[in-house]
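Below is one structure; the comments refer to it alone.
Keep in mind that the numbers below use all heavy atoms, side chains included, and drop hydrogens, waters and symmetry copies. Residues take their numbers from the sequence shown, with the count starting at 1. Being a predicted model, the structure only gives us computed values, none of them experimental.
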Amino acid sequence: MKVSEVVVREPMCPHRLVLEHLTSRWGVLVLIQLLERPYRFSELRRAVGRVSEKMLTQTLQTLERDGLVHRDAKPVIPPRVDYSLTDLGREAAVQVRALALWTEDRMAQVEQARERYDARRGATG
């Protein structure tokens, strides 16, 4: 069975869940940002933008559980926690960034397609 068949047929299969984590709204942005360098939580939140503390925490925990993000808590006062990509996370982030760059490069074509679609829908609609 091909991977594409498993993704479609098995909604709860493990690799589909990881794919959802990688391509979630905040997962994509966190992975791409962490490709640059390690970040502290507050720095990462500012860099990603418009993400709540709760959502960023959940996203980081999910990516850490999947082995993509490393959480380094330093026993100092005040506490310092740094987040970075694991080797597996770096590999995944490169793939996600490629998709993001493709989207950026093709946005004009997407917008044209949307306009054609909307024009057809408006004409029939």
**Request:** Quick one: list whatever passes side chain to side chain contact (heavy atoms under 4.5 Å, CB included) with Arg40, sequence neighbours left out.
**Result:** Glu43, Arg80, Asp82
**Request:** Flag the pair Phe41 / Val81 as yes when at least one side-chain heavy-atom distance between them is below 4.5 Å, and no otherwise.
**Result:** no
**Item:** Arg116 side chain reached by Gln112 side chain, heavy atoms, under 4.5 Å
**Value:** yes
Hey, could you give me the [atom1]/[atom2] distance between [X] and [Y], rounded to the nearest 0.5 Å?
| X | Y | atom1 | atom2 | result |
| --- | --- | --- | --- | --- |
| Thr62 | Glu20 | OG1 | CD | 11.0 Å |
| Leu56 | Tyr83 | CG | OH | 7.5 Å |
| Arg90 | Arg97 | CZ | CZ | 8.5 Å |
| Arg25 | Met55 | CZ | CE | 8.5 Å |

Does [X] belong to the same Ile/Leu/Val/Met/Phe/Trp/Tyr cluster as [Y], with side-chain heavy atoms less than 4.5 Å apart forming each link?
| X | Y | result |
| --- | --- | --- |
| Leu17 | Leu68 | no |
| Leu85 | Leu19 | no |
| Leu29 | Leu35 | yes |
| Leu99 | Leu88 | no |

**Asked** Hey, which of Glu111, Arg106, Met107 is the one that makes side chain to side chain contact (heavy atoms under 4.5 Å, CB included) with Gln109?
**Response** Arg106
**Item:** Greater than 12 external heavy atoms within 6.0 Å of Asp87's CG
**Value:** no
**Request:** Tell me, yes or no, whether the heavy-atom count around Lys54 atom NZ, taken from other residues, nucleotides or ligands under 6.0 Å, exceeds 12.
**Result:** no
**Request:** Report yes or no: is the cationic atom of Arg37 (NZ for Lys, CZ for Arg) under 6.0 Å from the centre of the six-membered ring of Tyr39, at an angle within 45° of the ring normal?
**Result:** yes
**Prompt:** For the residue pair Val96 and Leu22, what are the closest heavy atoms and their distance?
**Reply:** CG2-O, 4.1 Å
**Request:** Could you check Arg114 against Val110 for side-chain contact (heavy atoms from CB on, under 4.5 Å), going step by step and ending with a plain yes or no?
**Result:** CA-CA 6 Å; Arg114 287 176 176 174; Val110 170; 3.7 Å; yes
**Message:** Using the rule given for side-chain contact (heavy atoms from CB on, under 4.5 Å), can you reason through Lys74 versus Asp72, listing the C-alpha separation, both sets of side-chain angles and the distance that settles it, and then say yes or no?
**Reply:** CA-CA 6 Å; Lys74 296 183 177 16; Asp72 183 20; 2.5 Å; yes
**Message:** Apply side-chain contact (heavy atoms from CB on, under 4.5 Å) to residues Leu44 and Val51 and explain how you reach the verdict.
**Reply:** CA-CA 10 Å; Leu44 185 58; Val51 60; over 6 Å; no
**Prompt:** Yes or no on side-chain contact (heavy atoms from CB on, under 4.5 Å) for Trp26 and Leu60, after CA distance, side-chain angles and deciding distance?
**Reply:** CA-CA 9 Å; Trp26 303 116; Leu60 287 166; over 6 Å; no
